[in-house]
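Read the structure below first, then the notes.
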Amino acid sequence: SQFLKQLGIHPDWQFVDVYGMEPELLSMVPRPVCAVLLLFPITEKYETFRTEEEERIKAKGQDVKSSVYFMKQTINNACGTIGLIHAIANNRDKMNFETNSSLKKFLEDSLSMTPEERAKYLETYEAIRVTHESSAHEGQTE
């Protein structure tokens with residue numbers, strides 16, 4: 001996709017749509033697969049679950065391996081971009097980046113940051129912000 005190319009991901013890797021979980025539909029997905037992004041509508045039930053889960057984590061804590069790359073989403077209408085960053089960041093060892101990849105530099109710079117610091121850094125990271133904005137304006141965002 002053009003979005004990945006602009007971020008400096010080698011064309012060996014791409015995102016494709018999965019049209020269903022039936023074996024014949026899954027057989028159309030190129031292999032190997034590193035990540036699956038799920039798109040779903042935000043409902044009242046989901047918001048209630050999310051709020052309860054956040055409260056539970058605040059109260060009891062959460063054990064997350066340090067190797068997991070996660071960032072908070074603070075930019076409106078950027079869930080797809082954040083999902084892509086998570087998918088790529090957690091598969092860095094498999095990805096081929098172009099020499100001047102803005103995403104590779106962002107990941108290297110932000111590796112030692114907290115999820116909140118990564119979010120703030122992304123807000124100021126011009127190359128990814130511009131790529132996100134141009135992609136969001138030309139594609140479907142609902």
What distance separates [X] [atom1] from [Y] [atom2], expressed to the nearest 0.5 Å?
X      : Y     : atom1 : atom2 : value
Met95  : Leu4  : CE    : CG    : 8.5 Å
Leu103 : Gln6  : CG    : CD    : 12.5 Å
Lys104 : Arg92 : NZ    : CZ    : 11.5 Å

Practice prompt. Just say parallel, tilted or perpendicular for the rings of His86 and Phe70, cut-offs at 30° and 60°.
Written response: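 If you compare the ring of His86 with that of Phe70, the planes turn out parallel.
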Worksheet item: Is the Tyr46 ring parallel, tilted or perpendicular to the Phe40 ring (thresholds 30°, 60°)?
Response: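 It falls in the perpendicular class, over 60°.
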Worksheet entry | Trp13 and Ile88: CA distance, side-chain angles, deciding distance, side chain to side chain contact (heavy atoms under 4.5 Å, CB included) verdict | CA-CA 10 Å; Trp13 291 100; Ile88 294 166; over 6 Å; no
Can a salt bridge be assigned to the pair [X] and [Y] using a cut-off of 4.0 Å between side-chain N and carboxylate O?
X      : Y      : answer
Lys105 : Glu108 : no
Glu123 : Lys120 : yes
Arg56  : Glu52  : no

Fill in: Trace of the side chain to side chain contact (heavy atoms under 4.5 Å, CB included) decision for Leu107 with Phe97
CA-CA 11 Å; Leu107 294 175; Phe97 294 92; 4.2 Å; yes
Discussion item. When you measure from the side chain of Ser101 to the backbone of Leu7, do you find a donor-acceptor pair of N or O atoms at a distance under 3.5 Å?
Written reply: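 Yes, the answer is positive, given that a donor and an acceptor are paired below the 3.5 Å cut-off.
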Discussion item. If we ignore hydrogens and angles and just use 3.5 Å, is the side chain of Tyr69 paired with the main-chain N or O of Ser110 as donor and acceptor?
Written reply: no
